[in-house]
Amino acid sequence: MSTTSTRFVAAAKSNAERMFPALTAAQIARVAARGHVRQVQRGEILFDAGVATTGFFVVTGGQIEMVRLSAGAEELVQLFGRGQFTGEMNTLSGRPPLVRARMSESGEVIEMDREHLLALVQTDAEISEIVMRAFIVRRVELIAQGMGDAIVIGSAHCAGTLRAKEFLTRNAHPFTYIDLDRDADVQVVLDHFHVTIADVPIVVCRGELVLRNPSNRQIADCLGLNEAVDSSRVHDLIVVGAGPAGLAASVYAASEGLDVLVLEESSPGGQAGSSFKIENYLGFPTGISGQALAGRAFAQAQKFGAHILIARGAIRFGGERKPYAIEIGESAPVQARAIVVATGAEYRKPLLESLPRFEGIGVYYGATFVEAQLCVGEEVIVIGGGNSAGQAAVFLAQTAKCVYIFVRSDGLAQTMSRYLIRRIEEHPAIVLCTHTEITAVDGEAHLERVLSRNNETGQVANHNIRHVFVMAGATPATKWLGARVALDAKGFIKTGADLSQQELIDARWALSRAPFLLETSLPGVFAAGDVRAGNLKRVAAAVGEGSIAVSFVHRVLEE
Ligand SMILES: Cc1cc2nc3c(=O)[nH]c(=O)nc-3n(C[C@H](O)[C@H](O)[C@H](O)COP(=O)(O)OP(=O)(O)OC[C@H]3O[C@@H](n4cnc5c(N)ncnc54)[C@H](O)[C@@H]3O)c2cc1C
């Protein structure tokens, strides 16, 4: 073996205690009680990168080396000695490992499959804390080092590149990015994979499978982000949407013993996942990024055994009565006895013909680190007067030259929290433009110009600005439900006491009881979070509703 690097080992030194802890003799005995002890020889491969496995190994004798293939050479990632254990977040979710595990010294290991590992972390609080912390910190380090099994080749001027990068980032999947505009050796890379610039974005999975301009679903399938779905199985609960409301419902339902399937059209985290910093969520006095909050909730749902499908949205709601069926595309519909709809809302966009052409290449609907990096030192426009617009402006002003906030009204007082208004007023790089509407966007390969109009004076202005952040509210993602549940005038789902007698008659409500809190006009179908009429449009509200819905799911399942 040619060991070319041990950079993971070096980078991890400061974090070694948390990343590579050794279990005590008593803890090892508790693991052994659930796993099976195996003698292993030097050179034996315990699991391989990209090959589906469910193995978790604790070393009781000898040594395991973790290696990854990089540019044809083996790179040592980490060595594991007595008491130490293999794995990271993929082990918990059942996704293929990112590295190869091989015995570098003969010895003995305790082997445990995923099912038993889940049972262990759900029931042994002490071991759970050690294992979960190590798995999460290892994943964070893999991301920081770009030590994944995916390479994205693309350009900052290509909307598909931004989408692919965001998809991997929001799924916490480590990847390497090669920028066609900046990387001097790019032709060598293109030739190596037999692709051309016209194919971007290109995603290379495990150094061999080359995807040309893939959809998020193709990327997910190629990297093995989803397990196979058993469509004959009737789940206790299907949660549709993995934003804060859906993740909360999944965590509570799975932790309370329900068989839960979660469908997520894009990436876990929903709108909250695109928030740079959530400062008003209980328990985080210095704020937490939406991505971090979503990542933790996702890990928690997996720990309790929720089965989560990524890039697999609900396409159509079928079935007149229980079990309800949901179509998810190519495979057969999935079924459950109860449903929590947590599909949130989609961004509202100005009705400009050319706007979609620049989505991802100058027009954005979220302000995360990925977008912020694209406009360092440049002028940007944020459209909208709500809290999300305010947060985006404050965040972008850290790195942009100037942030213009466009609002149609005469100010922010009616729509934005006072603390954000104060920050905006005090920030020297933020300019509030009242009575201002965007009327056109223009450019060639990237957004270059924005036209605006003052709705009081009629004055038109031309801005040579390359980045516009549209943060102008959202419409509910309820189209897939058809007319199956009662909606309000704006398309949000009506629930509980908000449903009128007439709406229940129209929906042919057949039960002697009234709908439960958060229950829609269809028995056993609940709505939680932003998608629900009357919801507060806050992370805490979504999380609260997701968890409350589960308490009523139990009652429905008993009926
Ligand atoms: C930039 C930004 C910053 C914000 N900052 C804050 C803040 O600081 N504090 C705060 O309290 N709130 C904040 N909010 C609001 C908060 O994020 C939302 O209220 C919250 O995310 C709502 O959660 P949800 O789960 O109901 O919906 P969403 O977060 O919208 O999640 C819905 C999920 O459902 C998925 N989905 C949609 N359709 C389907 C389908 N057919 N099948 C499967 N999945 C589907 C979506 O992909 C998405 O992941 C912010 C919002 C934004 C956009």
Side-chain angles (χ1 to χ4, degrees), residues 166-167 170-171 216-217 238-251 261-282 284 287-291 293-294 297-298 308-317 326-329 334 339-348 364-368 371-372 382 384 386-396 416-417 419-420 469-482 492-493 518 526-533 535-547 549:
E166 260 188 13
F167 178 70
R170 290 193 50 181
N171 278 292
N216 287 349
R217 180 156 173 184
I238 292 180
V239 177
V240 189
L247 286 171
S250 317
V251 167
L261 175 68
V262 186
L263 305 175
E264 169 50 52
E265 189 171 64
S266 177
S267 317
Q271 292 175 67
S274 66
S275 175
F276 161 66
K277 205 175 223 189
I278 298 166
E279 294 195 55
N280 58 354
Y281 189 58
L282 189 73
F284 295 92
I288 180 167
S289 79
Q291 173 100 31
L293 189 65
F298 186 63
I308 307 177
L309 296 182
I310 299 305
R312 282 286 185 94
I315 292 173
R316 212 174 75 82
F317 188 69
I326 295 177
E327 290 179 20
I328 57 168
V334 285
I339 311 280
V340 171
V341 179
T343 44
E346 286 163 12
Y347 302 105
R348 202 165 287 148
Y364 319 98
Y365 300 101
T368 68
E371 288 83 11
V382 172
N387 278 355
S388 55
Q391 285 176 351
V394 171
F395 169 52
L396 293 167
M416 198 179 282
S417 300
Y419 83 95
L420 275 171
F469 291 82
V470 181
M471 318 294 287
T475 46
T478 46
K479 254 192 216 146
W480 65 278
L481 279 163
F492 289 90
I493 301 176
L518 307 182
F526 295 83
D530 278 16
V531 76
R532 196 181 68 78
N535 161 278
L536 215 54
K537 312 285 177 280
R538 290 279 183 276
V539 174
V543 168
E545 291 183 9
S547 55

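Small disclaimer: the values here were computed from a predicted structure and weren't measured. All ligand and atom numbering here is 1-based and tracks the order in the structure.
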Item to complete: Indicate yes or no: does an N/O atom of Ala245 lie under 3.5 Å from an N/O atom of ligand 1?
Response: yes
Practice prompt. Could you tell me the residue and atom name of the protein heavy atom closest to atom 29 (O) of ligand 1, and the distance to it rounded to 0.1 Å?
Written response: Gln271 N, 2.8 Å
Worksheet item: At under 4.0 Å between heavy atoms, which part of Pro268 makes contact with ligand 1: side chain, backbone, both or neither?
Response: neither
Discussion item. One residue to check: Ala272. Relative to ligand 1, which of side chain, backbone, both or neither has a non-hydrogen atom less than 4.0 Å away?
Written reply: both
Fill in: Closest to atom 23 (O) of ligand 1 (judged by heavy-atom distance), picking from Pro244, Gly546, Gly270, Gly243
Pro244
Practice prompt. Just let me know how Asn387 lines up against ligand 1, side chain, backbone, both or neither, with a heavy-atom cut-off below 4.0 Å.
Written response: neither
Discussion item. If the condition is ring pair (Phe, Tyr, Trp, His ring centres under 6.0 Å), which residues does Phe526 pass it with, not counting sequence neighbours?
Written reply: none
Worksheet item: About how many Å separate CD1 of Ile310 and CZ of Phe298, when rounded to the nearest 0.5 Å?
Response: 4.5 Å
Worksheet item: Should Pro476 and Asp530 count as side-chain neighbours, where that means a heavy-atom distance under 4.5 Å?
Response: no
Worksheet item: Quick one: nearest non-hydrogen protein atom to atom 39 (C) of ligand 1, plus distance?
Response: Thr343 CG2, 3.4 Å
Item to complete: Please work out which of the three classes, parallel, tilted or perpendicular, describes the rings of Trp480 and Phe317, given edges at 30° and 60°.
Response: perpendicular
Discussion item. Among all protein heavy atoms in this structure, tell me which lies nearest to atom 44 (N) of ligand 1, with the distance rounded to 0.1 Å.
Written reply: Glu265 N, 3.1 Å
Item to complete: Could you pull out the closest heavy-atom pair between Val531 and Ala342, with the gap in Å?
Response: CG1-CA, 4.3 Å
Worksheet entry | Subset of ligand 1 atoms that lie under 4.0 Å from at least one heavy atom of Ile278 | 7 (C), 8 (O), 9 (N)
Fill in: Heteroatom distance test (Arg312, ligand 1): nitrogen or oxygen, under 3.5 angstrom
no
Worksheet entry | Minimum-distance protein heavy atom relative to atom 4 (C) of ligand 1 | Gln391 OE1, 3.5 Å
Item to complete: Using the side-chain contact (heavy atoms from CB on, under 4.5 Å) rule, take Asn387 and Arg538 through it: C-alpha gap first, then chi angles, then the decisive distance, then the call.
Response: CA-CA 10 Å; Asn387 278 355; Arg538 290 279 183 276; 3.2 Å; yes
Worksheet item: Nearest protein heavy atom to atom 50 (C) of ligand 1: under 4.0 Å?
Response: no
Discussion item. List ligand 1 atoms under 4.0 Å from Trp480, heavy atoms only on the residue side.
Written reply: 41 (N)
Worksheet item: CG of Leu293 to CG of Leu247: how many Å apart, nearest 0.5 Å?
Response: 8.5 Å
Practice prompt. Would you check if the side chain of Asn535 reaches a backbone N or O of Gly529 as a donor-acceptor pair within less than 3.5 Å?
Written response: yes
Worksheet item: Do Arg170 side-chain atoms and Gly270 backbone N/O form a donor-acceptor pair below 3.5 Å?
Response: yes
Worksheet item: Can you find an N or O of Ser388 that's nearer than 3.5 Å to an N or O of ligand 1?
Response: no
Worksheet entry | Proximal atoms of ligand 1 relative to Gly529 (non-hydrogen, under 4.0 Å) | 26 (O)
Worksheet, complete the sentence: Rounding to 0.5 Å, atoms NZ (Lys479) and OG1 (Thr343) come to a distance of 12.0 Å
Discussion item. Tell me whether ligand 1 is touched by Lys479 - counting only heavy atoms on the residue side and a distance under 4.0 Å.
Written reply: no
Worksheet item: How far is atom 46 (C) of ligand 1 from its nearest protein heavy atom, and which residue and atom name does that atom have?
Response: Glu264 OE2, 3.5 Å
Discussion item. Give me the nearest non-hydrogen protein atom to atom 14 (N) of ligand 1 as residue plus atom name, then the distance to 0.1 Å.
Written reply: Val539 CG2, 4.7 Å
Worksheet item: For the atom pair CZ (Phe284) and OG (Ser289), what is the distance rounded to the nearest 0.5 Å?
Response: 10.0 Å
Practice prompt. Applying side chain to side chain contact (heavy atoms under 4.5 Å, CB included) between Val341 and each of Ile326, Leu481, Thr478, report the one that passes.
Written response: Leu481
Practice prompt. Note the single closest protein heavy atom to atom 42 (N) of ligand 1, along with its residue, its atom name and the distance in Å.
Written response: Ala314 N, 2.8 Å
Worksheet item: Short list, please: which atoms of ligand 1 are under 4.0 Å from a heavy atom of Ser267?
Response: 49 (O)
Worksheet item: Is ligand 1 less than 4.0 angstrom away from at least one heavy atom of Ala392?
Response: no
Worksheet item: Would you say ligand 1 has an N or O under 3.5 Å from any N or O of Met471?
Response: no
Worksheet, complete the sentence: Of all protein heavy atoms, the one nearest atom 18 (C) of ligand 1 is Asp530 OD2, 3.4 Å
Worksheet item: Counting only non-hydrogen atoms of the protein, does one fall under 4.0 Å from atom 9 (N) of ligand 1?
Response: yes
Worksheet item: Between atom CZ of Arg312 and atom OG of Ser266, what is the distance when rounded to the nearest 0.5 Å?
Response: 14.0 Å
